[in-house]
Trainee: 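Here it is, the structure, as structure tokens.
Computed from a predicted model, the values in this text were never measured in an experiment. Sequence lines set the chain letters: A, B, ... in the order given, protein chains first and strands last, and positions in each chain run from 1.
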Amino acid sequence: MKRYSPKDIEPKWQKVWEESGIYKAAATNDRPKKYILEYFPYPSGAAMHVGHVRNYTIGDAIARFNRMTGHNVLHPMGWDAFGLPAENYAIKNKVSPEVAIAENTKRFKQQLMQMGFSYDWSREINSSNPDYYRWTQWFFLLLHKKGLAYQQESLQWWCPFDKTVLANEQIEAGRCWRCGNEVEKKALKQWFFKITDYADRLLADLDNLNWSESIKSMQRNWIGKSRGAEINFTIEGRRNKLKVFTTRPDTLPGVTFMVIAPEHPLAEKIASDQHRHQVQTYVKAAQAATDIFREKTDREKTGVFTGAFAVNPINGNKIPIWIADYVLSGYGTGAIMAVPAHDERDYEFAIKFNLPVKYVVEPVTGEVQGDEVEKEAIVAIVRNPKTNQVLMLDWGPRQERFGGILFVGGGLEPGEDEVEGAKREVIEETGYDNLKFVKKAPYLVHSYYFSNVKNKNYYAKMRGILFELDDEHQTKTSLDDGEKNKFTLKWIGTDKASELVDDEGHKQILNCLVSPGVVSGEGIMTDSGKYNGLSSGECREKILADLEAKHQGKEVINYKMRDWLISRQRYWGAPIPIIHCNNDGAVPVPEDQLPVKLPVVESIEPSGDGRSPLANVPDFVNTTCPKCGGPATRETDTMDGFACSSWYFLRFADSKNKHAPFDKDKIDYWLPVDDYIGGAEHAVMHLLYARFWTKVMKDEGLIDFSEPFQTLRNQGMILAPDGNKMSKSKGNTIEPDGLIQQGYGADSIRIMELFIGPWNQAASWSVEGLGGAYRFLQRTWTLVQEYNGTEGGDEESEELKHIMHKTIKKVSEDMLELSFNTSIAALMECVNQLYRIKAQDGYRAVEWQWSLECLLKLLAPFTPHIAEELWQELGNDESIHLSQWPAFDDKYVVKEEVNIAVQVNGKVRAEIEVVFGAHQDEVLALAKQEDKLKPYLKGKQIERVIYVPDKLLSLVIN
RNA sequence: GGGCGAGUGGCGGAAUAGGUAUACGCGCACGACUCAAAAUCGUGUUCCGAUAAGGAUUGAGGGUUCGAUUCCCUCCUCGCCCACCA
């Protein structure tokens with residue numbers, strides 16, 4: 001009997017498959033197509049570890065399953081070769097990027113090969129190959145032609161380590177996404193793609209994509225659409241207007257100051273002579289501060305007064321203008337109207353600089369009951385300054401809307417002063433009569449509440465009043481007998497009180513009086529002149545209309561997303577195909593002169609002066625203008641690597657095309673991608689850019705769809721056994737090569753990658769678990785080997801049929817849901833069952849050959865090598881991977897006898913065996929005779945019977 | 001601070017149009033084989049209880065139901081992403 005040796009069989013079959021080309025996507029229309037794609041890797045210096053391998057294992061299982069279920073499958077692979085990772089690796093190792101890429105792709109390909117993935121290697125692409133980037137440049141020209149590529153001088157993120165600018169998306173918490181160094185701002189003339197033109201479509205089309213909610217919401221947040229208003233404030237004594245963006249124009253009556261960013265063009269201009277020096281100092285300091293520092297949200301607010309005033313367009317109020325760095329120059333207009341009462345940041349600033357806080361939106365609390373009586377009411381909080389406790393009334397346990405722990409509260413008599421009324425209520429209910437008025441709550445609270453005494457619902461306008469106790473003298477309370485004893489008085493610490501209080505309105509009043517703060521959210525307008533009484537939503541519309549009538553404001557939609565900066569001052573990228581001419585400006589390179597090839601240079605090291613190394617190559621730079629023929633210079637910046645990956649999935653459909661990026665017929669057949677598999681790290685970069693390019697191509701008529709990836713699947717990360725992220729620097733990476741060397745084999749690794757847990761959930765790699773996977777394959781191996789050594793037999797086995805049909809059904813259904821871990825569990829269970837039958841009856845049953853063949857087919861998507869080897873040992877000549885997925889028949893799946901659980905009052909008390917499909921009456925009759933149940937049923941009446949066929953009988957007895 | 005997701009044995013996890021919780025694997029224990037070990041095969045393994053009867057158990061607490069891991073409410077913990085975005 002042969003031993004299971006992955007080292008022997010795996011390379012053997014890999015060679016056979018490659019030579020016979022069985023994974024080549026056919027140019028046929030006879031089967032439905034499936035395009036299964038995994039993110040193409042960038043071949044960096046570090047080899048692939050088992051975390052990367054999971055991505056490809058998932059894709060391969062899907063691809064293989066689809067092939068066996070009658071699909072024409074495209075499953076390609078290529079290399080995202082341009083870009084910083086490859087270039088930095090090359091610099092570090094003092095080799096040319098071409099050489100580095102050649103070495104690394106070779107290594108990566110060997111790693112993928114040894115895992116037995118079923119790629120169509122005939123379509124392999126490499127984004128740094130001129131045959132490929134020629135078309136990347138072609139797309140640049142298309143974007144340029146459509147006005148979607150433009151050049152602009154602006155302050156840009158600059159990484160001093162990588163010596164290049166970076167796109168917004170490539171900044172992570174003020175640091176470069178590649179090297180982790182702090183970035184700075186630098187003024188440079190740069191190329192941009194106008195992705196903001198597509199913001200609305202990128203947002204709207206997300207709804208119909210079969211992507212995870214988390215990725216969709218990341219993209220939504222990134223696009224950051226918000227509806228609001230632009231409002232023009234006149235500046236006293238100046239002609240300039242101060243334009244602000246706000247999402248809450250309804251709070252305009254509550255504006256108490258304005259804030260502009262230090263970078264705002266008016267910042268220094270509007271400063272009064274008296275304040276100019278301070279302003280200049282502040283602006284300078286802000287510019288000098290690092291972005292990491294400025295982006296810290298937990299630091300204290302800073303700012304200076306400019307000495308200038310703006311005028312509130314709806315009430316003419318004079319508002320001081322401040323400069324502060326908490327206002328960002330890059331968002332909205334770089335200036336805000338500050339409403340400290342209703343915005344936390346403004347509030348913080350107002351407290352720090354002692355600016356007024358004006359409440360204009362009253363919050364609404366409680367639930368509407370429908371039968372409210374409107375009433376003016378007060379809530380009195382009495383504080384004992386000696387103990388810092390507040391007086392509360394305990395009405396007993398809170399039930400529905402009754403009882404609970406509350407403050408003194410009550411209605412006002414007609415015409416009664418709020419403070420007097422509050423005092424009266426406190427004395428009436430508690431007897432404390434030496435009260436000192438401290439303050440009123442700065443706003444009213446509308447609340448629907450139930451009176452504890454008078455059974456009525458009130459729609460109350462509540463005013464909170466704070467008293468302090470002069471002494472603890474108490475007079476007799478004037479409660480009538482009905483009210484007495486309904487509550488007890490309690491003194492409670494102020495911190496505790498906020499937790500204990502049982503009414504949302506009371507709680508807000510407490511917070512407001514003891515620690516006033518920001519009122520966020522919607523509500524009802526107050527202290528706002530003619531807008532009083534409107535809901536904040538209605539007020540928003542009204543104020544917008546008023547402003548528009550006066551041409552002082554308008555509704556606008558604002559986005560967080562910026563245009564995509566694609567210039568890189570680096571060598572290793574596709575040159576931007578533009579020629580700069582003194583006469584004609586930036587002229588696109590004519591299509592027939594593409595590709596603009598990367599020249600060979602002596603040093604690829606970035607110069608650090610903001611220019612790409614290409615600028616030092618005169619032969620490359622100096623050229624003639626395609627328009628006027630005069631002397632001209634080439635653009636020396638290269639394109640962001642993400643440009644290359646924005647269309648590679650299209651190229652796979654027609655990767656060898658010399659005359660066009662692709663042939664439309666082939667795109668029409670293969671695209672869009674049916675299953676796109678990769679990690680979540682690309683959520684706002686690659687996945688957004690690729691969607692953008694796809695929409696541009698659709699608009700140009702190059703393709704007929706506007707979303708490239710119908711279904712996106714984000715695999716869970718494989719963590720190191722220590723629970724940390726695998727990384728070279730931590731030294732905790734596990735590479736498949738070593739495991740294969742140890743003899744586990746690619747098949748065991750593949751099983752482990754999927755069996756470790758749901759494919760989209762993170763999991764820690766386990767060496768012991770891999771041993772289990774190997775044992776399972778070895779058991780399978782042994783089973784087939786032993787069978788092959790027997791004569792077989794001709795007995796029929798219903799049991800064998802049942803096991804196999806059940807397994808086929810389970811695995812088939814789980815595969816469609818990508819539930820790989822449970823598929824594999826079912827296969828393990830199946831093998832265990834086959835062992836049991838073998839031990840009982842040997843290999844006498846006639847179904848053994850068929851059973852084992854089915855088992856191997858079900859295994860084939862996961863463990864292609866062992867499946868192929870044993871398949872052929874069972875006497876098959878054609879590859880198992882071209883065979884048909886087995887079918888199941890429900891009639892063998894169900895068993896004739898089934899166990900039914902019998903519950904008595906919800907507890908399982910017995911299990912009885914009945915024939916499949918038995919009727920309730922039969923089961924009940926059997927249950928009544930069951931010995932185990934007799935003690936429970938004796939002398940009891942069965943009140944109710946619930947029967948779930950073939951599963952459960954539930955008896956309710958009295 | 002905001003958004004998304006998740007809490008089940010010693011561990012990874014299974015079971016959610018409500019229906020026998022802990023499948024499968026790891027680990028552990030015992031047995032067979034062996035001079036012995038490894039490998040292999042077999043048995044057991046949620047907890048308490050005595051190998052019994054019985055009871056408890058899906059982060060905590062409450063609710064709906066004959067019946068809740070699954071649905072609803074309150075809270076706690078962890079992970080990921082975003083974050084002074086007006």
Trainee: Whether the side chain of A:W564 engages the backbone of A:M685 through a donor-acceptor N/O pair (distance < 3.5 Å, no angle test) should be reported.
Mentor: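 It does not hold such a pair.
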Trainee: Angle class for the A:H686/A:Y39 ring planes (parallel below 30°, perpendicular above 60°, tilted otherwise)?
Mentor: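 A:H686 vs A:Y39 ring planes: perpendicular.
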Trainee: Syn or anti for B:rG9, taking syn as within 90° of 0?
Mentor: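 For B:rG9, whose glycosidic angle is within 90° of 0, the conformation is syn.
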Trainee: Looking across every strand, which nucleic acid part, if any, lies under 4.0 Å from A:T822 by heavy atom: base, sugar-phosphate, or nothing?
Mentor: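 Result for A:T822 = sugar-phosphate.
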Trainee: B:rG19 pairs with which nucleotide, Watson-Crick or G-U wobble, both distances below 3.5 Å?
Mentor: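 Its partner is B:rC66 (Watson-Crick or G-U wobble, both distances under 3.5 Å).
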Trainee: In the strands shown, is B:rG1 matched to any nucleotide by a Watson-Crick or G-U wobble pair with both distances under 3.5 Å, and which?
Mentor: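 Pair assignment: B:rG1 / B:rC82.
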Trainee: Taking 4.0 angstrom as the limit, do A:K225 and A:D200 come out as a salt bridge?
Mentor: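 Salt bridge flag = yes for A:D200 with A:K225.
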Trainee: Within less than 4.0 Å of OP1 or OP2 of B:rA86, is there a side-chain N or O belonging to A:Y331?
Mentor: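 True: A:Y331 side-chain N/O within range (under 4.0 Å) of B:rA86 OP1/OP2.
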Trainee: Please classify the nucleic acid contact of A:G224 as base, sugar-phosphate, or nothing, using heavy-atom distances under 4.0 Å.
Mentor: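 Nothing: the residue A:G224, judged by heavy atoms under 4.0 Å, touches no strand.
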Trainee: For nucleotides 40-49 of chain B, give me every protein contact, N/O to N/O, under 3.5 Å, one pair per line with atom names.
Mentor:
unit_1	atom_1	unit_2	atom_2	d
B:rC41	OP1	A:R779	NH1	3.1
B:rG42	OP2	A:R779	NH1	3.3

Trainee: Tell me which nucleotide, if any, is Watson-Crick or G-U wobble paired with B:rC28 when both distances must be under 3.5 Å.
Mentor: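 In the structure as shown, B:rC28 has B:rG44 as its Watson-Crick or wobble partner.
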Trainee: Taking NZ, NE, NH1 and NH2 as the nitrogens, is one of them in A:R220 or A:D207 under 4.0 Å from a carboxylate oxygen of the other?
Mentor: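 Salt bridge: yes.
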Trainee: Using side-chain heavy atoms (C-beta onward) and a distance below 4.5 Å, is A:H264 in contact with A:L242?
Mentor: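 The answer is yes; the side chains approach within 4.5 Å.
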Trainee: When you compare B:rG67 with B:rA50, how far apart are their C1' atoms, in angstrom units rounded to a whole number?
Mentor: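 One C1' to the other, the span is 32 Å.
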Trainee: Between A:F820 and A:F862, how do the two ring planes meet: parallel, tilted or perpendicular, split at 30° and 60°?
Mentor: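 Correct class here is perpendicular.
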Trainee: Does B:rG7 have a Watson-Crick or wobble partner in any strand here, with both distances under 3.5 angstrom, and which is it?
Mentor: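 Pair assignment: B:rG7 / B:rC76.
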Trainee: Base, sugar-phosphate, or nothing: which does A:I336 touch, judged by heavy atoms less than 4.0 Å apart?
Mentor: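 Result for A:I336 = base.
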Trainee: With side-chain contact (heavy atoms from CB on, under 4.5 Å) as the criterion, how do A:I946 and A:V956 come out once you've worked through the C-alpha distance, each side chain's angles and the decisive distance to 0.1 Å?
Mentor: CA-CA 8 Å; A:I946 295 114; A:V956 184; 4.3 Å; yes
Trainee: Name the closest nucleotide to the A:K907 side chain, picking from B:rA56, B:rG12, B:rA21.
Mentor: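 Taking heavy atoms from C-beta onward, the closest nucleotide is B:rA56.
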Trainee: Looking at every strand, decide which applies to A:D346 at a 4.0 Å heavy-atom threshold: base, sugar-phosphate, or nothing.
Mentor: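 Result for A:D346 = nothing.
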Trainee: For a quick check of understanding: with a heavy-atom distance under 4.0 Å over all strands, which category does A:R909 fall into, base, sugar-phosphate or nothing?
Mentor: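 Result for A:R909 = sugar-phosphate.
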Trainee: Need one value for A:E768: base, sugar-phosphate or nothing, where a base atom within 4.0 Å counts as base even if backbone is also close, heavy atoms only.
Mentor: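 Contact class for A:E768: sugar-phosphate only.
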Trainee: Roughly how many Å apart are B:rA15 and B:rU69, using the C1' atom of each and rounding to a whole number?
Mentor: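 Looking at atom C1' only, B:rU69 and B:rA15 are 8 Å apart.
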Trainee: Scan every strand shown for a Watson-Crick or G-U wobble partner of B:rA37, both distances under 3.5 Å, and answer none if you come up empty.
Mentor: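 WC or wobble partner does not exist here.
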Trainee: Step by step, work out the side chain to side chain donor-acceptor pair (under 3.5 Å) result for A:T782 and A:Y787.
Mentor: CA-CA 8 Å; A:T782 304; A:Y787 164 76; over 6 Å; no
Trainee: Considering Watson-Crick and G-U wobble pairs with both distances under 3.5 Å, what does B:rA52 pair with?
Mentor: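 WC or wobble partner does not exist here.
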Trainee: Under 4.0 Å, heavy atoms only, any strand: does A:G906 hit a base, just the sugar-phosphate, or nothing?
Mentor: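 Contact class for A:G906: sugar-phosphate only.
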Trainee: Mind checking if A:E829 touches a base, just sugar-phosphate, or nothing, with heavy atoms under 4.0 Å?
Mentor: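 Answer is sugar-phosphate: A:E829 comes under 4.0 Å of backbone atoms only.
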Trainee: Which of the following nucleotides, B:rA86, B:rC81, B:rU20, is nearest to the side chain of A:V327?
Mentor: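 Shortest atom-to-atom distance from the side chain points to B:rA86.
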Trainee: Within the 4.0 Å heavy-atom criterion, would you say A:Q761 contacts the bases, only the backbone, or no part of the nucleic acid?
Mentor: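 Sugar-phosphate only.
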Trainee: When the nearest nucleotide of RNA chain B is assigned to A:L955 and to A:G769 on a heavy-atom basis, which residue is associated with the more 5' position?
Mentor: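 Its nearest nucleotide lies further toward 5', so the answer is A:G769.
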Trainee: For B:rC28 and B:rU46, measure between their C1' atoms and round to the nearest Å.
Mentor: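 Looking at atom C1' only, B:rC28 and B:rU46 are 14 Å apart.
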